[in-house]
**Q** 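Before I ask anything, here is the structure I am working with.
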Amino acid sequence: MKYSPAEIEHKWQKKWEDDKLFKVEADNSREKFYCLEMFPYPSGKIHMGHVRNYAIGDVISRFKFMKGFNVIHPMGWDAFGMPAENAAIENKTHPAIWTKSNIAYMKTQLKQLGLSYDWDREIATCDPEYYKWEQLLVIKMFEKGLVYKRTSHLNWCEACQTVLANEQVEDGKCWRCDGEVRIKELDGWYFKITDYAEELLSCTEKMDGWPKKVLTMQQNWIGKSFGAEIDFNIENTDEKITVFTTRADTLFGATFMSVAPEHPVAKKLLSGTEQEKEGLDFIEGILKEDKINRMADDKEKKGFFTGKYVINPLNGRRMPVFIANFVLMDYGTGAVMAVPAHDQRDFEFAKKYNLDIKIAIMPEDQELVPAEMTEAYSGAGRLVDAAQFEGMPNEEAKIAVVEFLAEKGIAKSTVNFRLRDWQISRQRYWGAPIPFINCPKCGTVPVPEDQLPVRLPEDVELSGTGGSPLRKSAAFLNTTCPKCGGAAERETDTMDTFVESSWYFLRYCSPKCDTAPFKTDEANYWMPVDQYIGGIEHAILHLLYSRFFTKVLRDLGYINFDEPFNRLLTQGMVCKETYRCEEHGWLFPEEAEGGKCTKCGKEVTVGRVEKMSKSKKNVVDPNKLIQLYGADTARLFIIFAAPPENELEWSDQGVEGSFRFLGRVWRLVKNNLGLIQQNFGTGGDEAFIKEMLYHTHSTIKKVTNDIDKYHLNTAVAALMEFVNYLYKAETKLKADGEKLVFKEALTALLKLLNPFTPHITEELWEEAEMKEILSRSDWPSYVEEYTKTDEVTVVVQINGKVRSQLSLPRDCAQDDAFSAAFLDEKIKGYTDGKEVVKKIFVPNKLINIVVK
RNA sequence: GCGAGUGUGGCGGAAUGGUAGACGCGCUUGACUUAGGAUCAAGUGCCUUUGGCGUGGGGGUUCAAGUCCCUCCACUCGCACCA
């Protein structure tokens with residue numbers, strides 16, 4: 001009978017489901033393993049990136065399951081977000097309907113892959129039973145001072161009609177729609193993630209289960225720097241401007257000051273002056289620019305002189321104050337002291353506007369002359385023109401200058417972070433409502449716990465224009481203040497969807513809990529996640545936010561651990577070459593059959609290998625793949641084709657190869673069903689039996705170790721080798737004892753292969769009349785002794801080059817090995833008449849003879 | 001510019017400092033076949049083949065280097081006027 005996956009895969013999926021094979025409960029007497037894959041956004045159907053992510057997770061889960069761990073392996077839906085709302089506007093449906101039907105379809109797709117999820121733990125974040133608890137957490141955070149509202153200059157995506165967090169602006173464009181982002185002054189809600197900056201940073205040093213790359217990215221994003229805040233008096237006033245600097249040692253060289261266009265002091269300085277209008281226009285011009293433009297590489301530095309001066313606190317120098325396009329309101333204090341001699345940006349600015357350049361740091365090996373400088377000098381040196389600090393090494397002066405000014409109360413050393421508070425307001429409908437009431441008398445009042453969830457109103461017509469959709473529902477908007485009972489308005493912003501994904505892994509621990517977000521004892525049992533798997537694109541956003549939430553929930557007393565994810569595996573992208581027809585543009589692979597466009601017959605241009613994407617049409621539909629080859633082949637190919645963290649290049653021929661391999665497994669076991677069902681005595685060719693034991697046990701060892709290290713591709717390679725060997729061994733079987741060992745080899749093969757291709761192995765297992773379900777059976781163990789052969793091949797090198805090979809008894813003595821080597825004919829040819837200078841012996845491996 | 005990483009056959013990829021190229025794809029030859037895009041067997045780094053050369057280039061450490069060190073080159077990713 002031929003291997004036909006379609007027939008067997010459905011059967012086993014149903015069986016596992018009916019038996020609730022992967023349903024788990026917390027059990028303190030057993031060691032747990034939490035395997036988690038990043039949950040998907042229900043966009044409509046799954047793509048190969050999902051398949052790869054879940055295939056990797058499933059191998060690990062099933063492996064740990066067979067190893068006897070209490071494995072929690074949940075799945076759910078990151079169900080709030082823009083596409084549902086856009087689809088609703090387009091199709092005049094409700095986002096909930098669109099989302100739910102997508103979830104239903106994608107769930108059938110996931111089930112077709114035979115993934116070992118405990119579906120009883122499924123959650124969807126758009127479910128009020130989910131966001132109710134999120135709202136509660138936000139209120140708890142508010143009570144702790146970790147949530148606040150303020151007006152500021154925010155990133156606004158015109159296409160999405162909403163605000164974006166800093167992290168969500170990539171290359172000046174919206175992370176989701178690639179639309180242009182500009183600055184808009186708006187009210188917004190914030191999470192005080194900056195309170196945790198220090199801990200989020202310091203914990204990265206202990207997170208050795210994460211890829212270094214991701215940790216570095218997070219460290220850079222948090223961006224800790226040591227420096228000082230220094231006050232500068234505004235000339236002829238009592239007011240001051242505070243700057244942040246990491247180079248207090250260069251203060252003697254500060255000749256002007258630059259402030260961000262958004263800085264409140266900018267308008268204040270201009271106020272009432274004759275250049276006020278011109279100055280305001282200048283500010284306006286910069287703020288109006290979109291983010292791509294403003295952040296452009298070669299952006300020219302532009303400034304506007306406010307007409308006002310500040311006084312250098314060290315030497316009393318009058319420093320003109322400029323509004324400058326390159327100063328960031330977001331970083332430090334939004335104002336910088338400009339030291340053109342020692343800062344390249346200030347240097348360029350000074351050259352352009354003809355401002356003073358004063359040397360403050362003189363290097364040992366050259367003499368800086370302002371007029372001759374072509375770029376700023378930012379290296380080390382001694383202070384010059386520096387009063388009592390004259391001649392001091394600049395590193396010392398960084399501290400000394402601040403201490404001196406601190407005594408006068410005009411400076412303090414500070415630590416500054418690049419990390420900003422997390423802006424969570426979105427002016428959209430399809431998100432969790434922010435649970436506050438704005439009362440004209442009492443201000444911001446949290447919605448009382450017993451009134452949660454604040455549900456999304458059903459009566460909103462989505463148009464995509466005209467501001468926040470929730471404002472259009474009178475029933476939602478108008479309410480009474482829980483404090484004073486007076487008329488009040490509900491907050492109409494909804495939360496950034498990254499809030500939902502910041503704690504979903506906790507909800508999985510108690511998905512049905514209706515008294516709390518989750519049960520503390522269950523979370524403390526299951527968490528932290530032992531293995532988290534997902535795309536590198538979440539290196540900062542989702543992973544940083546989740547770490548923040550975990551720490552907050554710990555401090556709120558919900559949980560007792562510091563970090564959510566012990567180990568992180570960032571799987572690589574799934575790529576494929578692109579096809580293009582000059583007339584029809586990008587083509588789907590099936591439209592480029594035989595190098596000709598199926599629409600017009602023209603020659604197809606084969607492009608580079610790129611990430612599979614709808615826009616370039618270089619996609620392979622998981623449904624079709626499963627139809628053609630079955631889920632087992634799809635899983636096997638994806639695991640085998642590349643290490644999990646590498647890019648995976650799609651290869652139709654590679655898929656065929658994986659399918660062929662499963663066919664070989666199928667025939668091998670089918671041919672020997674009778675043998676497996678029989679019982680055998682002992683006896684037979686001892687060497688042959690030893691050989692079979694060697695192959696079996698070293699394969700068990702290799703596959704076990706490889707899966708532990710997540711070298712999944714080499715584990716599969718070892719299984720392929722094993723199957724190749726078993727085909728050879730099969731032809732030599734005679735005696736009972738040989739058949740017995742061969743039978744054991746086959747059962748080991750099925751077990752080892754099961755995490756990768758569970759359906760075919762389960763089917764063969766059943767046909768072999770094994771009693772229990774394979775997925776529930778034990779992982780095979782190996783006997784170390786069997787993994788060693790009696791004879792070993794020892795290579796003989798002359799001067800480091802391999803010249804011969806010897807077959808020697810395992811662990812033979814050094815002297816015996818050398819004598820054997822010197823007796824070897826080939827070696828004699830190299831050693832005769834030569835002086836042996838040195839002899840190296842590596843047991844069971846190698847001999848190196850150095851001759852002269 | 002700063003930071004991180006990667007460079008191995010025709011391709012994807014293997015190799016605790018110890019036989020470079022496991023495994024797979026592709027290719028070659030053969031077998032079985034009405035047929036082969038099924039299956040099986042053998043072969044497959046390169047060359048001027050008793051041998052020589054080979055892991056991006058150059059240098060170094062070592063008995064021994066894909067692996068460690070220095071340097072250069074190329075590519076990828078992340079951050080990017082962060083004061």
**Q** Does the side chain of A/Arg418 get closer than 4.0 angstrom to OP1 or OP2 of B/C79 through an N or O atom?
**A**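 Checking B/C79 against A/Arg418, no side-chain N or O comes under 4.0 Å of OP1 or OP2.
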**Q** Would you sketch RNA chain B in dot-bracket for me? Only Watson-Crick or G-U wobble pairs with both distances under 3.5 Å count, crossing pairs as [ ], other-strand pairs as |, the rest as dots.
**A** (((((((..(((.....[....)))((((((.......))))))(((...)))..(((((..]....))))))))))))....
**Q** Syn or anti: how is B/G21 classified when any glycosidic angle within 90° of 0 counts as syn?
**A**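 Base orientation relative to the sugar is anti.
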**Q** Measuring only the P atom in each nucleotide, how far is B/U8 from B/C32? A whole number of Å is fine.
**A**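 Their P atoms lie roughly 42 Å apart.
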**Q** Does a side-chain N-to-carboxylate-O contact under 4.0 Å join A/Asp249 and A/Arg247?
**A**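 Looking at A/Asp249 and A/Arg247, the cut-off is met.
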**Q** Do we see a donor-acceptor contact under 3.5 Å between the side chains of A/Thr242 and A/Asp231?
**A**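 The answer is yes; a qualifying pair exists.
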**Q** Tell me if the side-chain of A/Arg247 makes a donor-acceptor pair with the base of B/A83, cut-off 3.5 Å, by modelled atom types.
**A**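 There is none.
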**Q** May I ask you to list the residues of residues 711-719 of chain A, by number, that have any heavy atom positioned under 4.0 Å from an atom of RNA chain B?
**A**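 Here the set is A/Asn713, A/Thr714, A/Ala717.
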**Q** Hey, what do you get for OG1 (A/Thr246) to NZ (A/Lys398), rounding to the nearest 0.5 Å?
**A**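 Answer for the OG1-NZ pair, A/Thr246 versus A/Lys398, is 6.0 Å.
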**Q** Any side-chain N or O of A/Arg660 less than 4.0 Å from the OP1 or OP2 oxygen of B/G37?
**A**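 For B/G37, OP1/OP2 do not have a side-chain N/O of A/Arg660 under 4.0 Å.
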**Q** In whole angstroms, how far is the P atom of B/U62 from the CG atom of A/Leu846?
**A**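 Interatomic distance, CG of A/Leu846 to P of B/U62: 18 Å.
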**Q** So for A/Lys839 and B/C63, does any side-chain atom that can act as donor or acceptor lie under 3.5 Å from a complementary atom in the base?
**A**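 Looking at the base of B/C63, it does not pair with any donor or acceptor on the side chain of A/Lys839 (distance under 3.5 Å).
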